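As structure tokens, the structure follows; a few thoughts come after it.
What you see is a predicted model, and the numbers here were worked out from it, not measured in a lab. Quick note: numbers below take in every heavy atom, side chains included, and nothing from hydrogens, waters or symmetry partners. We number each residue from 1, following the sequence as shown.
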Amino acid sequence: MKVGKVIKLDFTYEAYKGCRDKPSVKLVSAIMDSNPGDIIEIRGEDTVFPFSILLETLEDEGFTYDIIERDDLIGYYEVRAVKQNGGN
């Protein structure tokens, strides 16, 4: 599978307080705009967009992912997800 475009999403408090779009809207938009081989890189905080919901959504939409960093204590994460051939 060829590597496509890279979409970066920032779901940290700093990014969220200055943004008009909700993280869930940004994520759905990125998913809908992606094609097989495209990559979505997400860094975030559980208080802005919960880690468990992020992973569940990515799986449901046909992405495989690597957890680059996860700190349960402060609720921070970095995930790199690659669109596969479809989703549910």
Considering all heavy atoms of both residues, which atom of [X] and which atom of [Y] are nearest to each other, and what is their separation?
X: P23; Y: F11; result: O-CZ, 3.4 Å
X: V82; Y: I39; result: CG2-CG1, 4.0 Å
X: L73; Y: D71; result: N-OD1, 3.0 Å
X: Y65; Y: E59; result: OH-OE2, 2.7 Å
X: K5; Y: D33; result: NZ-O, 2.7 Å
X: F49; Y: Y77; result: O-OH, 2.6 Å

Hydrophobic clustering (ILVMFWY, side-chain heavy atoms < 4.5 Å, transitive) - are [Y] and [X] grouped together?
X: I42; Y: I67; result: yes
X: V79; Y: Y13; result: yes
X: L55; Y: I53; result: yes
X: V28; Y: L54; result: no
X: Y76; Y: V48; result: no

Output the distance between atom [atom1] ([X]) and atom [atom2] ([Y]), rounded to the nearest 0.5 Å.
X: E78; Y: D66; atom1: CD; atom2: CG; answer: 12.5 Å
X: T12; Y: E45; atom1: OG1; atom2: CD; answer: 5.0 Å
X: E61; Y: M32; atom1: CD; atom2: CE; answer: 9.0 Å

Inset, instruction - Check the pair E41 / R80 against salt bridge (charged side-chain N to carboxylate O under 4.0 Å, His left out), numbers first and verdict last. - result: CA-CA 5 Å; E41 295 179 348; R80 184 176 190 269; 3.8 Å; yes
Legend entry - Option passing side-chain contact (heavy atoms from CB on, under 4.5 Å) with I31 (candidates I7, D60, I40):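 By the side-chain contact (heavy atoms from CB on, under 4.5 Å) criterion, I31 pairs with just one of I7, D60, I40: I40.
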Inset, instruction - Apply salt bridge (charged side-chain N to carboxylate O under 4.0 Å, His left out) to R70 and D72, showing your working. - result: CA-CA 6 Å; R70 175 68 175 142; D72 287 320; 3.0 Å; yes
